Amino acid sequence: MSKIRRIGILTAGGDCPGLNAAVRGVGKAALGRYGIEVVGIRDGFLGLIRNRTMPLDKTALSGILTVGGTILGTSRVKPHRMEEDGKIRDVRDLIVKNCEKNGLDALVCIGGGGTHMNAHRLAEKGLDIVTMPKTIDNDVALTDTSFGFDTALGIATEAIDRLHSTAHSHHRIIIAEIMGHRAGWLTLGAGIAGGADVILIPEIPYEVEKIARAIRRRSEGGSPFSIVAVAEGALSREEAARFKAAKQRKSKATTDADREQAKAELTELDHQHAGSTLRLSSRLEQLTGLESRVTILGYVQRGGAPSAVDRLLATRLGSVCAELVHQRVFGVMVAARGEQAHPVPIKDVADKRKEVPPDHPWLQCARAVGTCLGDE
Ligand code: F6P
């Protein structure tokens, strides 16, 4: 087999701290240890479609370990369903041509669930690809964790720490809405670390009355304030039932028309979900008699320098990624397993989401210390 001489690296999906550390890890190992030239692909998969690249030489890789975001830029485009001028086209063949034009022997794609789906679909077109798990959500399947998560966990925890001040000064309910898309890892971790009194995650549909009862009990016990950590994807039981029914209709759809109808229904439910944290806040005010205020942490959780843990993880996975490329092990994601890193098939990761299991130790410890999870 011929030696790998030149690879492209892209970052796709939501940005996060640690992305540049990962690009640096792959790049320095590929260049320095294996003599592989590295090309940066701009703005995720869009750069492959538009053929937009930048050199990733020693100079470009220097000084980026601690820099937030991604020096390459990112996007959320899906090559198999590229929306342009109102049309949807599969542009994967153009990507294959552009990889050939740039003399790329392989691709390294760094991203979350959607990126792994895109990578899998490009591997089906014959491209040699290795991926790495990136996201603050920590919801990438088959890996212990993803870089970006530890930094975001620290940011969200510090925010909860700070919100305690105003909660007990004003005897208020303070609700912190935390990112995580449709998984509860970030909210659960930050809620426990920040000592939230209530933690609501997508995996456990909540009942407002039970939350209100827990807050009233705290108040009657001499703590007339509460911190609620709510995942942006957390659902009431009623909402969860509506989503479940719509998903079932989509999975049972036998015609394109039925599938489109079910998809439209899910999109509408997503739109209705917007603002649910504010509605929860006013509902809790009514049920407890306490004032309630909302802080949406949003993109602050994705900003700034990566934590030491994320730098270490990104560098560790990046160096293994370069090794797998050198050994021509393709179609795999570099999965973190304890202190080790193992290749797992991209097809087993793509379009899957790692959710918080009902018996997870984090849930057990939260219940043990009396945290209300909205279901009891
Ligand atoms: O996947 C990371 C994430 O921050 C999610 O937690 C959040 O729901 C989503 O990205 C926001 O997407 P965008 O950056 O496209 O607004």
Side-chain angles (χ1 to χ4, degrees), residues 136-137 149-181 183-237 239 273-304 307 356 362-376:
I136 66 167
D137 304 343
F149 176 65
D150 181 76
T151 308
L153 187 62
I155 294 167
T157 300
E158 192 199 344
I160 291 174
D161 289 349
R162 291 178 178 280
L163 289 169
H164 274 276
S165 311
T166 191
H168 66 68
S169 304
H170 286 263
H171 320 300
R172 278 172 170 168
I173 300 166
I174 296 289
I175 301 178
E177 183 186 284
I178 295 171
M179 278 186 163
H181 197 37
W185 297 103
L186 191 52
T187 302
L188 181 57
I192 293 168
D197 306 296
V198 180
I199 301 176
L200 306 176
I201 62 175
E203 296 87 343
I204 302 177
Y206 62 77
E207 293 177 66
V208 181
E209 294 73 15
K210 291 183 175 170
I211 303 167
R213 186 177 61 195
I215 292 173
R216 282 198 303 270
R217 278 190 187 145
R218 275 182 49 80
S219 204
E220 288 147 15
S223 301
F225 69 92
S226 286
I227 297 282
V228 179
V230 58
E232 61 180 341
L235 302 170
S236 65
R237 284 181 70 172
E239 257 193 302
H273 180 69
S276 57
T277 302
L278 289 167
R279 290 193 293 276
L280 170 66
S281 176
S282 56
R283 192 84 183 88
L284 288 176
E285 262 189 353
Q286 289 163 4
L287 293 172
T288 64
L290 292 173
E291 283 185 329
S292 180
R293 294 290 184 274
V294 173
T295 296
I296 297 177
L297 302 188
Y299 296 88
V300 168
Q301 298 162 102
R302 292 194 349 206
S307 66
V356 180
W362 290 10
L363 287 174
Q364 289 166 1
C365 83
R367 292 190 198 278
V369 297
T371 310
C372 167
L373 299 177
D375 61 345
E376 286 177 348

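FYI, side chains are in, hydrogens and waters are out, and symmetry mates aren't considered; it's all heavy atoms of this structure. FYI, the numbering just counts along the sequence from 1. Remember, it's a predicted structure, so these values are computed and weren't measured experimentally.
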**OP:** Using atom types as modelled and distance alone, determine if a side-chain donor or acceptor of Thr295 lies under 3.5 Å from a backbone N or O of Ala176.
**Re:** no
Original post:
Any idea which heavy atoms bring Leu153 and Ala190 closest together, and the distance?
Top reply: CD1-N, 3.3 Å
Original post:
Between Glu158 and Arg162, is there a salt bridge with N-O shorter than 4.0 Å?
Top reply: yes
Original post:
Going from OG on Ser226 to CD1 on Ile174, what distance comes out if it is rounded to the nearest 0.5 angstrom?
Top reply: 10.5 Å
Original post:
Is Arg237 atom CZ crowded by more than 12 heavy atoms from other residues, nucleotides or ligands, each under 6.0 Å away?
Top reply: no
Subject >> Chi angles and distances behind the side-chain contact (heavy atoms from CB on, under 4.5 Å) call for Leu200, Thr187 >> reply: CA-CA 8 Å; Leu200 306 176; Thr187 302; over 6 Å; no
Original post:
Is the shortest side-chain N to carboxylate O distance from Arg367 to Asp375 below 4.0 Å?
Top reply: yes
Original post:
Which heavy atom in Thr371 sits nearest to a heavy atom in Ala196, and how many Å separate them?
Top reply: CG2-O, 3.6 Å
Subject >> From CZ (Arg172) to OG (Ser281), nearest 0.5 Å >> reply: 10.0 Å
Subject >> Step-by-step side-chain contact (heavy atoms from CB on, under 4.5 Å) determination, Ile173 to Val198 >> reply: CA-CA 10 Å; Ile173 300 166; Val198 180; over 6 Å; no
Original post:
How close do Ala156 and Gln301 get, heavy atom to heavy atom, and via which atoms?
Top reply: CB-OE1, 4.1 Å
**OP:** Determine, step by step, whether Ile155 and Leu297 satisfy the side-chain contact (heavy atoms from CB on, under 4.5 Å) criterion, reporting the C-alpha distance in whole Å, the side-chain angles of both residues, the deciding distance to 0.1 Å, and the verdict.
**Re:** CA-CA 9 Å; Ile155 294 167; Leu297 302 188; 6.0 Å; no
Subject >> Among Leu280, Leu373, Leu235, the one residue meeting side-chain contact (heavy atoms from CB on, under 4.5 Å) with Tyr206 >> reply: Leu280
Original post:
What distance separates Thr166 OG1 from His171 NE2, expressed to the nearest 0.5 Å?
Top reply: 10.5 Å
**OP:** Locate the shortest heavy-atom distance separating Arg216 from Leu287; write the atom from each residue and the value.
**Re:** NH1-O, 2.9 Å
Original post:
How far apart are the closest heavy atoms of Pro202 and Ala231, and which atoms are they?
Top reply: CD-CB, 3.6 Å
Subject >> Approximate separation, where rounding is to 0.5 Å, of Arg302 CZ and Met179 CE >> reply: 5.0 Å
Original post:
Once you round to the nearest 0.5 Å, how far does CD1 of Ile215 lie from SG of Cys372?
Top reply: 7.5 Å
Subject >> Val356 versus Gly184, closest heavy-atom pair with distance >> reply: CG2-C, 3.9 Å
Original post:
Would you say Arg283 and Glu209 make side-chain contact, with heavy atoms under 4.5 Å?
Top reply: yes
Original post:
Just how far is it from atom CD1 of Ile175 to atom OG1 of Thr277, taken to the nearest 0.5 Å?
Top reply: 7.0 Å
Subject >> Donor-acceptor contact below 3.5 Å, side chain Glu232 vs main chain Gly180 >> reply: yes
Subject >> side-chain contact (heavy atoms from CB on, under 4.5 Å) assessment of Glu285 paired with Arg293 >> reply: CA-CA 9 Å; Glu285 262 189 353; Arg293 294 290 184 274; 3.5 Å; yes
Original post:
Parallel, tilted or perpendicular: which fits the ring planes of Phe149 and Trp362, with parallel below 30° and perpendicular above 60°?
Top reply: parallel
**OP:** May I ask you to test the Cys365-Ile192 pair for a side-chain heavy-atom distance under 4.5 Å?
**Re:** yes
